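This report refers to the structure that appears directly beneath it.
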Amino acid sequence: MLGKKQKKTGRLAHLRQELISTILDDGNLSIGIPDLRLNFTGKRLSRKKVLIVFDDVTHAQQVEFLIKSLYRFMLGSRIIITTRDKQVLKNCIVDKIYKVKELSDDYALKLFSQYAFGQNLPEVGYKELSNKVIKYAQGVPLVLKVLGCFLFGRTIEDWESAINKLMKCPHMDIQKVLRVSYDGLDDEEKNIFLDIACFFKGEDKDLVIKFLDSSGYSAEIGISVLVDKSLIVVSNNKVMMHDLLQEMGREIVRQESVKDPGKRSRLWHHEDVYHVLTKSTGTEAIEGISLDMSKIKKIHLNVDAFNKMHKLRYFKFYSSLSEENGNKVHHVQGLESVFTELRYLHWHGYPLKSLPSNIHSGNLVSLELPYSNVQELWNGTQHLVNLKHINISHSRKLTKIPDLSLAPNVESLNLEGCTSLLETHSSIRYLKKLVILNLKQCRSLKSLPTSIHLESLKELYLDGTAINEFPSSIECLSRLVILNLEDCSRLERLPSRICKLKSLEHLNLSGCSNLEILPDELGNLEALKELKVERIAIREVPLSILCLKNLGRLSFERFKGHEQIGQILPISFGLHNLTYLKLRDCGITELPKTLGQLSSLRILLLDKNNFERIPESIILLSKLFWLSLNYCERLQSLPELPCDLSDVRAQCCTSLEQLSGLSILFTSTSWNSQVFNFINCFNLDLNSLREIVEDALSKIQLMATAWRKNNDKESHETPSGCICYPGSEIPQWFNFQSMGSSINLKLPPGWFNSNFVGFALCAVVAFQDHHEDGLGLGVFCDCKLKTEDDLVHVAEGSLFVWGDGHIGSDHIFLGYDFHMYSDCFGEYYSNNEVFIEFYLADIDGELIECCKVTNCGIRLLYTQDYNRGSFISDVGEEPHPKRLKCIRSPSQGVPFVPSVFE
């Protein structure tokens, strides 16, 4: 093992001698020997197969000194190096780098319980407190061990006090270990780390780099060093940091002056900021201030509050309640001194009508004043050469934007929700580096500058504006990727010049209610990936749409009050990259037989159309996993459906009788949730439905066996499935049944063993003219075990079905949820009694009181082989081979295809 104290050559030489002596089993070996002896030793070592672990290496030279150029080991030998610095591994030219992941909550609870209780699970009464510790530790074994040992044998009151203290002040033993990597940084790297810990966790990497560069730091290499030392992570271009490392960084700053926050370099806690600003105790040590104004009632700023803060680089008054826009800052004075060295200014609800006249902050990188009272930012022009981002969104009193001709480096301009803005300044055309222009909901804005040559512009948002035409220069936006025109109700014509935007990937025309014609040249948008055309007045679709070979998402929805366009929609495409197709309420009376040619299709939404059948070619859509047919009131039958289809919604298909295509039920090859919604399908053939249900029940058993054998209980994709249909009779297969919404299972000894997988669930719900409001509907259940003292909650499950509209009779919810499993079953039970209670809730977790569970049923699931000889009744006849044709080894689920407009 290599520790920090082993850096000196003398210590390493001794360690090298000890290492080789141990491998050769030669206690008399001396390293101080001639080359001839070295060669002889090397030959002996080359015949040894070894496993060596070098732990906590701080420099590549340590490993090099110990083994490089001395010998080669026998083929099959392995050398493992652990380090806090990824650069060490790069310098050692290792074959593979593995980053240790945090423990899952289940494993974390086991590890913590072993130290805190001497067993795998918490003692009775300590479960909730233990979960708080697990949440705090976030999977770090060191923290779990330290806190487990510290809390061992203590009372509940001691636990509560210790956990409350943790929220205020981190445990010193944890801090000492976490600080090792920080202490190895140079001064500049430490400052970058502290800036991120105090202010920039979760922020965009590009913004962080620009701020740090403007502060005089070498941001790129500094962030790279922090990443290599695992002090930060860059994910999706966001700078992230483990909560415990952030806590450590903030504690380092707090220790700069424990009793006087005005002498610290950075302030972020609302109480500290409030004290410093109201008492005017700030000093020149302060470089950054961040205040969450949702945590205070109001603040009166003293005229001298900022006078001594000559080094202030970062200033942020924000609200974690983003909708809050009340003014909480009063008597604002002395701001002139704030802007001298400021790089970052964010003031949610800025109370003044304009910025100070002497702003002149050539250092300013980001200016954000959302929900402000600003009417005009400044008069004339300001020399702001470093300014990159301007956000004045939801400033409803803003009537015009200033001259930006001397701010040539602006990359984003956000004016969303500035409802009084009448026009954009002509200087916008000089912003050659502008990438994002957001004018959403600028309802008074009627036009764009006549000359708009923004060669870097990639995103243009005009949603909800009053524009009625585009300038002819629109074709000059050669790099434009996103153009959003949703709800531009005054727009009557889309110029053909738009079709010259060769980089355009996303075009949203939904809600352009006066738009009657799409350009014939629409197919020239060769890069287009997404087209949304909903709630508009068009009467035909240009055939050139067939040329959009890169189109991945296409969405049409009829505009109310105009003739139906279903007969002329070109839905028989050769669009082989299409993954999402929405044709909602388009008056379609017949789907093309060539539907199956859309080979990449994953999501198909056909709600509220008039077709009676679905083409048999749909079976060829092998990637389809979501099919929505809600309110297709003339649909009579379903054909054989694609094997991996896991979400079928056919609510209120009142003519639907045959479900021959439902042999796919509970057979998806992924472990994602499966939902089959047949609410209000009252014409379903009962014999056909009975066969489908029997088949589904046997599939649940097969799914349980397959999942258990593939040892997927710890994966993120725990399978679940549900089918909902009209009815009131629970199948006999559920061998534990009860009236009402709860059931008490009295089980024989040994019911919980290694073959147990979970529960199959069934509930009858009486809706009593329930009107679903679109928030979804789910049958949820809590599982509790009876102990000597009380009922202990151990697991929960759900049978979830999305729905909306009127539901007027009893329905059956039937399925499984393998989340409803817990090792607590093996720890807590005494009388082998399990209590399960069902209840109804929407997707937000709000209880639904106007309907109730009238009957419920449970079946314990075991692996198939065990099930035949167990005390649980047999699952019955083996399913017919044809019904199992979709069962194959599990694979990863198909991800939902996101839209930039959602």
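Only this structure's heavy atoms are used, side chains among them; waters, hydrogens and symmetry mates stay out. None of these values were measured; they are calculated from a predicted model.
Note: Phe200 CZ to Met240 CE = 14.5 Å, rounded to the nearest 0.5 Å. Rounding to the nearest 0.5 Å places OG of Ser412 at 9.5 Å from CG of Asp204. The distance from the NZ atom of Lys500 to the CD atom of Glu475 is 4.5 Å, given to the nearest 0.5 Å. With rounding to the nearest 0.5 Å, the separation of CD in Glu411 from OG in Ser366 is 11.0 Å. Taken to the nearest 0.5 Å, the CD1 atom of Ile474 stands 9.0 Å off from the SG atom of Cys476. Here the straight-line distance linking atom CG of Leu477 with atom OG of Ser456 works out to 10.5 Å at 0.5 Å rounding.
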Evaluation steps, side-chain hydrogen bond (donor to acceptor under 3.5 Å, both in side chains), between Lys433 and Asn409 | CA-CA 6 Å; Lys433 296 183 180 181; Asn409 293 309; 2.8 Å; yes
side-chain hydrogen bond (donor to acceptor under 3.5 Å, both in side chains) between Glu284 and His310, intermediate numbers included | CA-CA 6 Å; Glu284 63 178 10; His310 305 305; 5.6 Å; no
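Heavy atoms from other residues, nucleotides or ligands lying under 6.0 Å from NZ of Lys190 number more than 12. Around the CG atom of Asn236, the shell of radius 6.0 Å holds no more than 12 heavy atoms that belong to other residues, nucleotides or ligands. Atom CZ of Arg254 sits in a crowded spot, with more than 12 heavy atoms from other residues, nucleotides or ligands closer than 6.0 Å.
With hydrogens and angles left out, the side-chain atoms of Gln138 and Tyr136 include no donor and acceptor closer than 3.5 Å. Ser320 and Asp292 share a donor-acceptor pair across their side chains, judged by distance under 3.5 Å alone. Looking at Ser265 and Glu256, their side chains do bring a donor and an acceptor atom within 3.5 Å of each other. Remark: the Ser395 side chain and the Ser372 side chain contain an N/O donor-acceptor pair separated by less than 3.5 Å. Using a 3.5 Å distance cut-off with no hydrogens or angles, the side chains of Ser451 and His453 do pair a donor with an acceptor. Counting only N and O atoms by type, the side chains of Ser257 and Arg264 include no donor and acceptor under 3.5 Å apart. Side-chain N/O atoms of Asn484 and Asp463 include a donor and acceptor closer than 3.5 Å.
Side-chain atoms of Ser420 come within 3.5 Å of backbone N or O of Arg396 as a donor-acceptor pair. Under a 3.5 Å cut-off, the side chain of Arg343 and the backbone N or O of Glu341 do form a donor-acceptor pair.
Side-chain rings of Phe315 and Phe306 approach one another, their centers coming within less than 6.0 Å. Residues Tyr318 and His348 keep their aromatic ring centres 6.0 Å or farther apart.
Salt-bridge annotation for Lys400 and Glu376: present, with a side-chain N of the basic residue lying under 4.0 Å from a carboxylate O of the acidic one.
The aromatic rings of Phe317 and Trp347 sit perpendicular, their planes meeting at an angle over 60°, well past the 30° parallel limit.
Residues Leu491 and Cys512 approach most closely at CD2-SG, 4.5 Å, considering heavy atoms.
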